[in-house]
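Within every chain, numbering begins at 1; the chains are lettered A, B, ... in the order of the sequence lines, protein sequences first and strands thereafter.
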Amino acid sequence: MTEQMDVIIIGAGHNGLVCGTYLARAGLDVLFLEARDAVGGMTATRAIDTDYHTPGLAQTSFPVCTQIRKDLQLDSFGYSVGKAADTISLEQNGAHLRIGQQGPSGQGVSNSDTMAFDQLKKEYLDYAKALRPLFQNKPPRLKDFDFKDKTTLAKLGWNLRVGLGSDSMNEFLRIATMNMYDILDEALENEQLKGALAADAVLGHHMGPRTPGTVLTWLNRLSGELNGSLSVVDGSDSQLGHALRKAAAASGASFRLNASVRKILVEKSRAYGVEMADGEKIKAPLVISNADPRSTLLDLVGAPELDAMFAQRVSQIRGAGDVAKLHLALTGLPEFTGLAGADLEHRLIVAPTMMYVERAFNPAKYGECSDNPVLEITIPSLQNKSLAPAGHHVMAVNVTFAPYNLEGGWEKAKDQFASKVIDQLCRYAPNLKSLIANQELLTPQDIEREYHVREGHWHHGEMTIHQSFMMRPLYGAAQYDTPIDGLFLCGAGTHPGGGLTGQPGHNAAQRILAMRPAS
Amino acid sequence: MTINKEHFRRALQHSPFHSRLAALSLTEEWTGWNGYKAARTLDKLSTEYFAVRSSCSVMDLTPMEKYRISGKDAFRFLDRLVTRDLSKLKPGMVTYVVWCNDDGKLIDDGTLFQLDEDQYRLCSQHHQLDWLLISSIGFDVNIEVETHEVAALAVQGPTAYSILTEAGIDGLADLKPFGIAQLQCNGFPLVVSRTGYTGDLGYELWVDPKHAESLWDALFAIKPRLDIHPIGLSTLEMVRIEAGFIMPGFDFNTAESTIRADYDRSPYEVGLGWLVNLDKGHFTGRQALLAEKARPVKRRLTKIYVDGNKPVREAFIFDAKHGKQIGEIKCATWSPILKANLAIADIEFVNGKLPPQLWARVDYQRELKWLSIWAECRVSDKPFYTPEHRSATPPANF
């Protein structure tokens, strides 16, 4: 049987859902093909034991881009922004640092720290605001640009020059390609505070605080704050994935789950549909891939259908995942030294100093796991009781760094690494070990297999400068386009990159709709 | 591949035929060619030239870059590499191919030999390993450099068939142009292809380097009865122009060595549009070439006769009607057999068409004084020299 659709979206992650919903609302017949058994990609809830569930890979997030929330009326489909979460940077002795809405607080935090932090934050939020036209539109071409590209560049230029003012613009140009270590060392004194911010800049990336370009990854993260506060992802009905699924369905899009695409059908450089794992063919003049660029172009399209140099560039996209995910099923709430029970609803991190984060990164450069990894800990079951039996809990831990290509392979190292991380956690929550009912560690290789993301990278490709803006995912495929006519990309591998912003999906949809001939 | 660790002791490597070439070289005029010491001339140019056109010439082709391409996807790999439709290629056949970069600009040309099922040899002027490896992403294919493992000898001229047969190589009578035969010569195996770069009757012999000298000696043993001469690159330049063959890197800049915009060339621009099949499956550069084909022709390498007998080397070409400089001669030769000045010129088209009247400004020296004359050019649509005996099967016996 051959079905005919207007649009096929490969992968119903949040960007795919955003993109497809815009297209469905524009009157197109949209079919989502999702290889997993749930939509929402990395936000979809997963079982770690019969009675214990976690919200998948995504642990904390900023609200989805305000424009998308409004356009797709997500609130009417149950979307609500989660409770604002503070960041608590743990110290073994209980002298924790808290960064909340009101700025940093804690034993070692002085007035001058608070002031310097506020100033830094304000300055960088201004930069993020100035860059907004760049994030919210397709990245402008620098040659042969169209009207939209011109307006994006004009707005960007205006924001940088007039919006920021010349002093701020000069400062922005100075810091744009710098590393977080130097920036934070210039601006702040409190080591704990610097450590926490440095961890934010490298989270999900194969970068240490001293890696050039980490200012940009931090700015990208800060731009999320323009939409609201960070919250803990808890898998409840108000979460982005669920609301998007309902919005998509309401706009007439259809879904197939457990529907694995084997290849994108291409003839004479034009995509005309997909072939499913079971051999079924579904035809559509528009195929949009929410999968990462390498999987899409090398596996689903295949290098033989591409020009040689382009295929080579695709194969060179940098994006080896460097974060492992530890899930713990707990028979009770752990006790953290120096924290009250209510504090555990927030985001806990282990990144006591910048040097700690940098040292954690060192082994990863040589294909080894961090001796003392940076941790991001949440207990989503405190907010969403349905995740665990009454009185029980689930804990999610992002473990950084854990390289995809581990020297000696993951098979042998996996259990040992999990115990090491648990031991490390016990230094902050001594009773943790006695509460563990079950556990799972997802290495980047597991993430690759289970979430169909090449090399298990959260962001579908490193967000380095050479893989950003009009170079994301790569030269020759910017603006959500590919060399294959009728095939577009809409995932985190495209501009402006990862995070639960929905921005790549939105921009891709705008691009595709703008290209359609007026009917 | 065995690595010769002593290679640095010589700036230029000796080919397996070197001892024989050196013994016959009267001019000692050597040059470098792909890292090998190669003869520019060995004798008077006229002696060498008429060996090709009137008797038999031998040229050492070992420096040509040679790649063995094998494996399950070898055919698919090659079909995606080159612009030509390879579906008619069979074991025992050779075909002439070109390949482009993503922008549809020529990287090199070469001859592709299908030696067996899933066994190919690609023979090219320039080093291609990097491009072949880049092109191999996504294919189950094995690529090996065999430049130094295969000694190659071109035997070209009207009496080439007779000499090879008399030297003990049986089985050439039925070998058609672009055919390959696996044969024997005095007990050692060799591969013979009916190919060449001279436009004459001729063969290329591919042999294990350890048999190179024996092969040479077997051929030159016939010399008392049928004349045979080694030739160098200078003669090759003359005869290849007569035959209308172009040379990448000389007649046009190859894409991967081009820095300036618009200095590289597409197959259409060098007159090899007939090698491009836009209807076969995908190949590198297809979309760019499709777009180029939809635009008016911008320029083309064009074969021209230049009036007069003044030697032409480099010269500008002018559109007689508008008096505008529109091109330049890339290579030229005086053809002794045609008694004409032949050239291949890179000419800008005017409104998608070749201007009807072309003139060349020829600068030449007389007793060291530079003079300039205007010579009319006549376009040749066909190769300048295509003798009938070139393709006769079986070839005439002498």
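- Residue-level contacts of residues 473-489 of chain A with chain B, in order of numbering, are Pro483(A); threshold 4.5 Å between heavy atoms.
- With a 4.5 Å cut-off on non-hydrogen atoms, Asp102(B) touches chain A through its backbone and its side chain both.
- Remark: the backbone N or O of Ala291(A) is not paired with any side-chain donor or acceptor of Ser295(A) at under 3.5 angstrom.
- For a residue to count as touching a neighbouring chain, one of its non-hydrogen atoms must lie under 4.5 Å from one of that chain's; by this rule Arg286(B) touches chain A with backbone and side chain alike.
- Highest contact tally toward chain A, considering only Leu290(B), Asp279(B), Asp79(B), Asp73(B), is held by Asp279(B) [criterion: heavy-atom pairs under 4.5 Å].
- Residues satisfying the side chain to side chain contact (heavy atoms under 4.5 Å, CB included) criterion with Lys365(A), sequence neighbours excluded, are Phe361(A), Asn362(A).
- Separating the CG atom in Leu61(B) from the CG atom in Leu236(B) is a distance of 8.0 Å, to the nearest 0.5 Å.
- Few gaps surround NZ on Lys280(B); more than 12 heavy atoms of other groups in view lie less than 6.0 Å from it.
- Between Ile282(A) and Glu280(A), the shortest heavy-atom distance links the atoms CG1-OE2, 3.9 Å.
- Taking the ring centroids of Tyr404(A) and Trp410(A), they lie at or beyond the 6.0 Å cut-off.
- With a 4.5 angstrom heavy-atom cutoff, Phe283(B) touches chain A only via backbone atoms.
- Of the possible polar contacts, none joining the Asp118(B) side chain to the Ser70(B) backbone as a donor-acceptor pair under 3.5 Å is found.
- Checked against the 6.0 Å centroid threshold, Tyr451(A) and His457(A) do not count as a close aromatic pair.
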